[in-house]
2 protein chains.
Amino acid sequence: MESTQQDGRRQTSTERRRRELLEAAERIVLRDGPGASMNAIAAEAGITKPILYRHFGDKGGLYRALAVRHTNALLAGLRAALDAPVLRRDRVEATLDTYLVAIETRPQVYRFLMHPADEENPAESGFDVGRHSAPLLRRLGEELAEVIRERLDLGPDGEEKARVWGHGIVGMMHAAGDWWLRERPCSREQLVQHLTDLLWGQLAAVKDRADGPGF
Amino acid sequence: MESTQQDGRRQTSTERRRRELLEAAERIVLRDGPGASMNAIAAEAGITKPILYRHFGDKGGLYRALAVRHTNALLAGLRAALDAPVLRRDRVEATLDTYLVAIETRPQVYRFLMHPADEENPAESGFDVGRHSAPLLRRLGEELAEVIRERLDLGPDGEEKARVWGHGIVGMMHAAGDWWLRERPCSREQLVQHLTDLLWGQLAAVKDRADGPGF
DNA sequence: TTTCAAGAGTTACTTACGGTAACAGGAGTC
DNA sequence: GACTCCTGTTACCGTAAGTAACTCTTGAAA
């Protein structure tokens, strides 16, 4: 009994330490971008490199641990919007908006999670670094595919179609959000409306221009 | 006159050399992935590092030059499909298919252009490197937005909507293509059909499942 | 013909970063 | 008291980006 409790205490102790290290890492990554060095992170935590390596294996491990944290938070929010008991179109709008609010309110975290390149000063580290967008986007795509599959009646090849749509819609949301966050050409509400219009078939329904070639 | 000709000859000479270096770089990048070292590239070209730096400034410059090459080739193909004098739906299908054929036939080039991480052996270079997807995707999005704007009558805020749709559709194509290329869950034709169905408003039109909650 | 300018090329170096021994306390446990 | 485990250190290795300083060749111009 006592030994079990002891093990428990030790476990929580190392886990707490790990959390502290992750928080230090996060501060530095938010300050220096994904190119932050292990030395810098260790210094911020008040220790030296080898401890980081003992906790996270390698730099990828540390970054993965950081990414998992934020990814889980984002996914929880999206799941809630996706499961809301409202009309389909409202649900789509709510989900898009949830995602956009997330990237709008914490752009640094977003850049870390999604954006590989063009960080900070281009003279740094030669070219670029960091990047984990692919895993996150794939997770999002699979989640959405599952929701689509279990909600919609897509006929014989519905399984396949649901997955294509899931990844496609996530990609649309991601690319549009990335561009919007960079250029801010319109309000969030307008962006959501435009995207929902697109998903609601307006591309097929809208007329050709009078003056264009118009096929 | 003679001096002008001289300058011309010198210019073409250095440009030819630059092209040769880029071709060597391409061979190595295709062999070693985006983590290819400048030393390896120089060796492949039969020279040493400083020459590469004189030609391209830094590693980013070299990679950018490589990316521009392929990006231009891809864009030319897409523009042709986008401008074909056929019905709108056929044009959309042709454009999607053109993109998918490109990434299917030269996946290594695609990975280099788009994909930052998960290359090769994960133990290399600590974490990951390379990446320029953002510039390419942004260019594609802007191109598509222009086509949409000049072809379709989108009403008062059509300018804005065209840009949102351009980036959104490109993102959809990219994400779906990336996932498809990795998992190959269906034929290219089926993928094109599913994506076109999505863009044609099937998400709005399709019925709820009989057994689901069905909002 | 000599001279000059410029490009191609080299060796050898610096700097920085990821990652790894090897070692030194300190706190609980048998 | 010896054992073990965790935390922490210093000092190092390998590799890769990027630079400085020098040489060689070539082609034009005086």
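Keep in mind it's a predicted model, so treat the numbers as computed, not measured. The chains referred to below are lettered A, B, ... by the order of the sequence lines, with proteins before strands, and numbering in each begins at 1.
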**Study point:** All salt bridge (Lys or Arg N to Asp or Glu O under 4.0 Å) counterparts of A:E160, not counting sequence neighbours
**Key:** none

Study note, to complete from the structure: Here the distance between atom P of D:dA16 and atom CD1 of B:I41, to the nearest Å, is 12 Å

**Study point:** For A:R188, side chain to side chain contact (heavy atoms under 4.5 Å, CB included) partners two or more places apart
**Key:** A:D97, A:L100, A:V101, A:E104, A:W180

Study note, to complete from the structure: Taken to the nearest whole Å, CZ/B:R18 to C1'/C:dA8 is 16 Å

Practice item. Round to a whole Å and report the spacing from CD of B:E20 to P of C:dA8. Key: 11 Å

Revision key, fill the gap. Here the residues of residues 46-55 of chain A within 4.0 Å heavy-atom distance, strictly under, of DNA chain C are A:K49, A:P50, A:Y53

Check your understanding: Taking atom C1' of D:dT19 as reference, at what distance in whole Å does atom CE of B:M38 sit?
Key -> 13 Å

Exercise for review: Could you tell me the separation between the OH atom of A:Y63 and the P atom of C:dG19, rounded to a whole number of Å?
Suggested key: 11 Å

**Study point:** d(CG, A:N39; P, C:dC17) in whole Å
**Key:** 7 Å

Practice item. Could you pull out the closest heavy-atom pair between A:K49 and A:A42, with the gap in Å? Key: N-CB, 3.7 Å

**Study point:** Criterion side-chain contact (heavy atoms from CB on, under 4.5 Å) against B:Y99, the qualifying member of B:T95, B:L96, B:I103
**Key:** B:I103

Study note, to complete from the structure: Checking D:dG8, C:dC17, D:dA17 against the side chain of A:R17 (C-beta onward), the nearest is D:dG8

Review point. Taking CD1 from A:I28 and P from C:dC17, how many angstroms apart are they, rounded to a whole number?
Key: 13 Å

Practice item. Could you state the atom-to-atom distance from CG of A:D58 to P of C:dG19 in whole Å? Key: 5 Å

Point to revise | Close side-chain approach of A:E189 to A:V192, heavy-atom, < 4.5 Å | key: no

Check your understanding: In terms of side-chain geometry, is the basic nitrogen of A:R163 or A:D157 positioned less than 4.0 Å from the acidic oxygen of its partner?
Key -> no

